[in-house]
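Numbers here are sequence positions counted from 1.
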Amino acid sequence: NNLTLSFVQNDGDVGLGDIWSVPTNGSAAAAVTTATPADELAVAIVSVDTIAPGAVTSTAPALLNGTSATVSYVLPTDADLSGVQVERQGTPARSFYVPAPLTSFVDAGLTVGNTYTYAITAVDRSGNASGAVSRSLTALSIAPTFSSPTSGTTTRAPFPVVFGRGNPASALFSVDYSTNSGAFAHWVTAKPGATRTFGAPSSGAFTTTSVPGRTYRFRAQATDAFGNKTPVVTTAGATVPTDQTRATYSTGATTSAAPDRWLGTASLLKPVAGATARVSLPGYRVQIIGERCPTCGVVDVYAGSTRIGAYDSVASRRLARQVLFTYTFTTNATRTITLRNRGTSRRPNVILDGFATWN
């Protein structure tokens, strides 16, 4: 923005070859010096920029993350743009500058429940400012939530507890990130005598002193990067599956080991009709864990003296650690469960691996 003005004569008002100041606001010029008639002088005068830049446009919805907010905008195309000046109205008020070419800013330290208005003004290198574009938002507390359980095979809501293949058992659960844009989370699980804290991307917790037959209740709480916490969520009681050796057998049983069996062993109930296995279990639900095979047969199941069902354990090939039978009672109590082998000639075998209960 440089202007070159050549002076050759000045009409004789003050003197030939006068050099004049050149204002930029439209007022009359004023003589500042006198030259000789023979002078032909050139002088460079820098003009003053008074044109304001365009305003910011296309402000996107603010991204709220608990006590911080990300506000985005589109800059004008002025060649001499410097950046934007932001005035935050709220408690407390705040003023800050964001240089170009940045097109967003993060404002942290908001107070949950307070409303904040951001006036965004584009500024050029000469100090000219555009009109302000304003955005208002209310800081909200965004807490992560636990997802709904995807499996009901091992425990009741609010989230599943899944016991592992051996001792110690494991407690598995999941956290839904959808309300928190994947922010960092911690989980806390607890059982009698132990508490652990886990960070993302863990998907569960492992107990360290669980005992087959003992009941545990796990609780979990998620905490996001902004300190928001979910309520403490507690499972129903879950009992570590007991070994089949806990049962008493009417005519004896043959026990053998294999790495894919619960706690390493399974027992073959005497392959004769009427042979029984009897076990006392607490809880409102019971599961029978065993094997399927081509010669495995049908078993009748009793709670006390009442027959509650039967299951057929036949399969075209051997399948270890199968849940063969599940029954849910209307009350939580300790019951004697009896398994009675029907003992057919072609399928006389009953292979037991463990018992699972919930209370």
With a cut-off of 3.5 Å and sequence neighbours excluded, list every side-chain donor-acceptor pair involving residues 264-272.
| unit_1 | atom_1 | unit_2 | atom_2 | d |
| --- | --- | --- | --- | --- |
| Thr265 | OG1 | Gln244 | NE2 | 3.0 |
| Ser267 | OG | Gln244 | NE2 | 3.1 |
| Ser267 | OG | Thr255 | OG1 | 2.8 |

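- Scanning both residues, Ser316 and Pro294, for their nearest heavy atoms gives O-CG, 3.5 Å.
- Closest heavy-atom contact between Tyr116 and Gly90: CD2-CA, 4.0 Å.
- The CG atom of Leu352 lies 11.0 Å from the CZ atom of Arg261; values are rounded to the nearest 0.5 Å.
- Below 30°, between 30° and 60°, or above 60°: for Phe325 and Tyr327 the angle between ring planes is below 30°, a parallel geometry.
- Qualifying side-chain hydrogen bond (donor to acceptor under 3.5 Å, both in side chains) partners for Ser136, counting only residues two or more places apart in sequence or in other chains: Thr117.
- Between atom OG1 of residue Thr334 and atom CG of residue Asn332 there is a gap of 8.0 Å, rounded to the nearest 0.5 Å.
- Looking at Ser72, its side chain never comes within 3.5 Å of a backbone N or O of Ser104 through a donor-acceptor pair.
- With hydrogens and angles left out, the side-chain atoms of Asp243 and Thr245 include a donor and acceptor closer than 3.5 Å.
- Across every non-hydrogen atom of Pro53 and Asp78, the tightest pair is CA-OD2, 3.2 Å.
- Residues meeting the side-chain hydrogen bond (donor to acceptor under 3.5 Å, both in side chains) test with Thr254, sequence neighbours left out: none.
- Legend: residues meeting side-chain contact (heavy atoms from CB on, under 4.5 Å) with Thr338, ordered by chain and number and at least two apart, are Thr276, Arg278, Tyr302, Thr336.
- Within the structure, salt bridge (Lys or Arg N to Asp or Glu O under 4.0 Å) pairs that include any residue of residues 107-121 comprise Arg88-Asp107, Arg94-Asp107 (at least two apart or interchain).
- Closest approach of Ser68 and Ala108 over heavy atoms only: CB-CA, 3.8 Å.
- Distance check, rounded to the nearest 0.5 Å: CD1 of Ile288 to CG of Leu339 gives 5.0 Å.
- Both Phe355 and Val301 are part of a single hydrophobic cluster, where members link through side-chain heavy atoms under 4.5 Å apart.
- Remark: Ala273 engages no residue in a side-chain contact (heavy atoms from CB on, under 4.5 Å) (not counting sequence neighbours).
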Run the side-chain donor-acceptor check on residues 79-87: report pairs under 3.5 Å with partners two or more places apart or on a different chain.
| unit_1 | atom_1 | unit_2 | atom_2 | d |
| --- | --- | --- | --- | --- |
| Ser82 | OG | Tyr97 | OH | 2.5 |
| Gln85 | NE2 | Glu87 | OE2 | 3.4 |
| Gln85 | NE2 | Ser95 | OG | 2.9 |
| Gln85 | NE2 | Phe96 | O | 3.4 |
| Glu87 | OE1 | Ser95 | OG | 3.2 |
| Glu87 | OE2 | Ser95 | OG | 2.8 |

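- Atom CD1 of residue Ile308 and atom CZ of residue Arg335 lie 8.5 Å apart, to the nearest 0.5 angstrom.
- Residues that satisfy the side-chain contact (heavy atoms from CB on, under 4.5 Å) test with Arg246, not counting sequence neighbours, are Thr242, Val279, Leu281.
- For Thr57, the side-chain contact (heavy atoms from CB on, under 4.5 Å) criterion is met by Val74, not counting sequence neighbours.
- Within the structure, the disulfide bond (SG atoms under 2.5 Å apart) test picks out the following pairs touching residues 247-347 (sequence neighbours left out): Cys293-Cys296.
- Counting all heavy atoms, side chain and backbone alike, Pro348 lies closest to Asn341 at O-ND2, 2.9 Å.
- Sorted by first then second residue, the disulfide bond (SG atoms under 2.5 Å apart) pairs that include residues 317-359, not counting sequence neighbours, number zero.
- Looking at every heavy atom in both residues, Ala277 comes nearest to Ala247 through CB-CB, 4.4 Å.
- When hydrophobic clusters are built by joining Ile, Leu, Val, Met, Phe, Trp and Tyr residues whose side-chain heavy atoms come closer than 4.5 Å, directly or via intermediates, Val98 is not grouped with Val123.
- Put simply, the side chain of Ser313 gets close to the backbone of Gly297: a donor and an acceptor are under 3.5 Å apart.
- The list of salt bridge (Lys or Arg N to Asp or Glu O under 4.0 Å) pairs with a residue in residues 341-359, not counting sequence neighbours, reads Asp300-Arg342, Asp312-Arg347.
- To the nearest 0.5 Å, atom CH2 of residue Trp262 and atom CZ of residue Arg321 are 6.5 Å apart.
- With hydrophobic clusters built from ILVMFWY side chains whose heavy atoms lie under 4.5 angstrom apart, Leu102 shares a cluster with Val133.
- Transitive grouping of hydrophobic side chains (ILVMFWY, heavy atoms separated by less than 4.5 Å) keeps Ile351 and Val299 in distinct clusters.
- Val286 is not connected to Ile289 by any chain of hydrophobic side-chain contacts under 4.5 Å among Ile, Leu, Val, Met, Phe, Trp and Tyr, and they are in different clusters.
- Within the model, atoms CZ of Arg292 and CZ of Arg318 stand 13.5 Å from one another, a figure rounded to the nearest 0.5 Å.
- For Arg340 and Ser250, the side-chain atoms include no donor-acceptor pair closer than 3.5 Å.
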